[in-house]
Amino acid sequence: MATESTRRKGAAGQKYSDAICSFVICNESSFQRHQIIFNPDFFVEKLRHEKPQAFTELVVSNITRLIDLPGAELAQLMGEEEPQLPGGPSISLGFFRSLMSLKRKEKGVVFGAPLTEEGIAQISQLVEYLHKNLRTEGLFRVPGNSTRQQNLKEALNSGTEIDLDSGEFHSNDVATLLKMFLGELPEPLLTHKHFHAHLKISDLMQFDDKGNKTNNPDKERQIEALQLLFLILPAANRNLLKLLLDLLYQTAKKQDRNKMSAHNLALMFAPHILWPRNVTASDLQENINKLNNGMAFMIKHSQKLFKAPVYIREYARIHYLDSRTHASKDDLDLPMPQNFKDIQLLKFKNRGLLDPSAHLEDTQHHTEEALKELFCHVHNMPDSAKKKKLIQQFQKHPEALTPQAAISTQIQKRARTRSFSGLIKRKVLGSQVILDKKKNDAVTESAATKDSKHSSKENDTSFFSSI
């Protein structure tokens, strides 16, 4: 039984890791038998684990770039203040929560206990079973049998391995019990701290050409904001959320059979995932539609929400590699947020993080060194058709310099960039020459034109002398 439990947990972990990993297969013959697994969020996870405070500030700074969070709501998101929620808890309710927290400390309890990886391993049995029964009509809406649900709940609480495929339980029993587990968590899966942020994400709308806000949701900004917000969720919450949204996404894809669209599923799960605990519909009032629509949006776009934004990946990668690894062209072409570097860079550098653009010259130097080594290696190969083909490739690409050409280019580059003020002069002189040329083409030759040219030359001379 222990072996079967280990196998199930391993399978669940493998399914989760496969979802965020991509496979890169090298074309070299010596590596063709090996698949190199690359997790694009590896350095993001490493940074979050090793420097949690700096990582949180990095992510939150980009969240506030997308949504407007007043001081109190920002402090709540950072965990610096207790969340202020609709229908705040009374004294008696606080006492009730204290009693429940003492009861949850009983060993082996899954339902009603704080979320843990062990509890997720037990609940993942329900998720795995439901993936096989997505065609059941009214799944998550039609309630199951209460007696069978209670038996299944006790088995999960005791840590017993359950054979759900035996036919003892119906898919509606399992689906109802999964909702029950989420509803009995001490706080919603997306946590109380994130409540106000999710309301603001629902308000992200597109702007027209005149800068006026429209009624069309800005889906790209909403996805980016959710990606960032999910990065600062507790690890257990994030893992279970991914398993759950994957399940709901697949369920909605089978809506022609189960009659459960993304909107219908959102109505079933928003109270357990987004709504604050111990609030009623009257407490939320106008926010109910926002929460339900936000839940439906997460279900529809769940396959995009658990990837870190590219600029967060690049920041973390450069922090650990110190720019010694050459970034891919796609990564370099993607823009950083406009105020990300200007506002937050100094703070993060003081905390030990690095500027992604501070070592571009060092990166270019390493690239040139690698090209020289590659050329020498090809040059020393025995004469063959392969060697001839490789040399032709070097000749086709001027940037693939020979050692001699690279050395001469470096000497010229050093000579050109010896003086920073000289660089400024060249930039200004170049722009001034272009402007003069345009003026000469636009006017006829006359005494006034000659005076204008003479005046322009005097301005250039006085500018350089001032530098």
Side-chain angles (χ1 to χ4, degrees), residues 16 19 85-86 110-112 115 119-120 122-131 133-144 149 152-153 156 171-195 197-199 201-202 222-223 226 229-230 233-234 236-255 257-281 283-284 287-306:
Y16 173 70
L85 304 170
V110 175
F111 285 77
L115 192 60
I120 294 176
Q122 284 290 84
I123 296 302
S124 65
Q125 299 177 78
L126 307 183
V127 175
E128 184 179 352
Y129 172 79
L130 290 172
H131 269 290
N133 295 271
L134 296 178
R135 299 179 182 275
T136 303
E137 185 171 344
L139 191 65
F140 296 112
R141 177 172 53 81
V142 177
Q149 290 172 19
L152 182 55
K153 180 178 180 180
L156 290 171
S171 54
N172 288 333
D173 302 332
V174 178
T176 304
L177 196 63
L178 178 59
K179 289 195 300 180
M180 186 185 301
F181 167 78
L182 295 171
E184 292 184 9
L185 289 173
E187 64 174 341
L189 190 58
L190 291 177
T191 74
H192 287 137
K193 294 192 303 182
H194 293 195
F195 175 73
H198 282 284
L199 291 179
I201 291 174
S202 299
Q222 288 178 338
I223 289 173
L226 289 171
L229 206 56
F230 288 178
L233 276 176
N237 293 59
R238 191 169 188 262
N239 292 346
L240 180 57
L241 179 65
K242 188 180 189 315
L243 291 176
L244 181 62
L245 288 182
D246 282 343
L247 174 64
L248 299 181
Y249 174 79
Q250 297 298 332
T251 303
K253 287 180 65 176
K254 302 288 192 305
Q255 60 180 302
R257 298 294 298 274
N258 56 42
K259 311 302 180 185
M260 296 299 292
S261 64
H263 180 72
N264 292 337
L265 292 169
L267 297 178
M268 300 292 104
F269 281 89
H272 306 307
I273 294 178
L274 279 169
W275 288 24
R277 288 291 180 258
N278 306 299
V279 299
T280 63
D283 293 327
L284 296 175
N287 290 330
I288 290 182
N289 287 335
K290 289 184 181 180
L291 296 173
N292 291 339
N293 292 337
M295 187 70 226
F297 184 87
M298 284 187 280
I299 294 173
K300 293 176 182 178
H301 301 277
S302 62
Q303 306 307 301
K304 302 177 182 178
L305 301 182
F306 293 90

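One is the number of the first residue; the rest follow in order along the sequence.
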Name of the residue among Val127, Leu178, Asn239 meeting side-chain contact (heavy atoms from CB on, under 4.5 Å) with Leu244: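 Going through the options one by one, the only one that passes is Leu178.
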Are [X] and [Y] packed together at the side-chain level, in the sense that at least one heavy-atom pair is separated by less than 4.5 angstrom?
X      : Y      : value
Pro276 : Leu284 : yes
Leu226 : His198 : yes
Phe230 : Leu190 : yes
Leu240 : Leu182 : yes
Leu247 : Phe140 : yes
Trp275 : Pro188 : no
Leu265 : Arg141 : no
Leu85  : His192 : yes

Flag if over 12 foreign heavy atoms under 6.0 Å of NZ, Lys254: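 Yes.
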Heavy-atom neighbours of Lys179 NZ exceed 12 at 6.0 Å: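 Atom NZ in Lys179 is crowded, with more than 12 foreign heavy atoms closer than 6.0 Å.
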Kindly compute the distance separating [atom1] ([X]) from [atom2] ([Y]), expressed to the nearest 0.5 Å.
X      : Y      : atom1 : atom2 : result
Ser302 : Ile223 : OG    : CD1   : 10.5 Å
Lys259 : Glu137 : NZ    : CD    : 6.0 Å
Leu241 : Leu115 : CG    : CG    : 10.5 Å
Leu248 : Ile299 : CG    : CD1   : 4.5 Å
Asn237 : Leu185 : CG    : CG    : 8.0 Å
Phe269 : Leu189 : CZ    : CG    : 10.5 Å

Quick check: closest heavy atoms across [X] and [Y], and the distance to 0.1 Å?
X      : Y      : result
Ile120 : Ala236 : CD1-O, 3.2 Å
Met295 : Ile273 : CE-CD1, 3.6 Å
Ala296 : Ala266 : N-CB, 3.5 Å
Tyr249 : Gln303 : CD2-NE2, 3.4 Å
His131 : Asp246 : CE1-O, 4.1 Å
Asp283 : Pro86  : O-CB, 3.7 Å

Side-chain donor or acceptor of Gln125 paired with backbone N/O of Gln122 under 3.5 Å: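 Answer holds: yes.
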Whether Phe297 and His301 hold their rings parallel, tilted or perpendicular, with breakpoints at 30° and 60°: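 Ring orientation of Phe297 relative to His301: tilted.
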Geometric class of the Phe181/Phe111 ring pair [parallel <30°, tilted 30-60°, perpendicular >60°]: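 The arrangement is perpendicular - the two ring planes meet at more than 60°.
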[X]: which residues meet the side-chain contact (heavy atoms from CB on, under 4.5 Å) condition with it, sequence neighbours left out?
X      : value
Leu267 : His263, Asn292
Gln255 : Asn258, Ser261
Asn172 : Thr136, Leu139, Val142, His170

Which residues share a salt bridge (Lys or Arg N to Asp or Glu O under 4.0 Å) with Lys290, sequence neighbours left out: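 Checked Lys290 against salt bridge (Lys or Arg N to Asp or Glu O under 4.0 Å); matches are Asp203.
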Contacts of type salt bridge (Lys or Arg N to Asp or Glu O under 4.0 Å), residue Lys153, not counting sequence neighbours: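 Lys153 satisfies salt bridge (Lys or Arg N to Asp or Glu O under 4.0 Å) with Glu184 only.
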Step-by-step side-chain contact (heavy atoms from CB on, under 4.5 Å) determination, Met298 to Leu274: CA-CA 11 Å; Met298 284 187 280; Leu274 279 169; 3.9 Å; yes
Trace of the side-chain contact (heavy atoms from CB on, under 4.5 Å) decision for Leu177 with Leu156: CA-CA 10 Å; Leu177 196 63; Leu156 290 171; 3.8 Å; yes
Partners meeting side-chain hydrogen bond (donor to acceptor under 3.5 Å, both in side chains) with Gln250 (sequence neighbours left out):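 Expected list: none.
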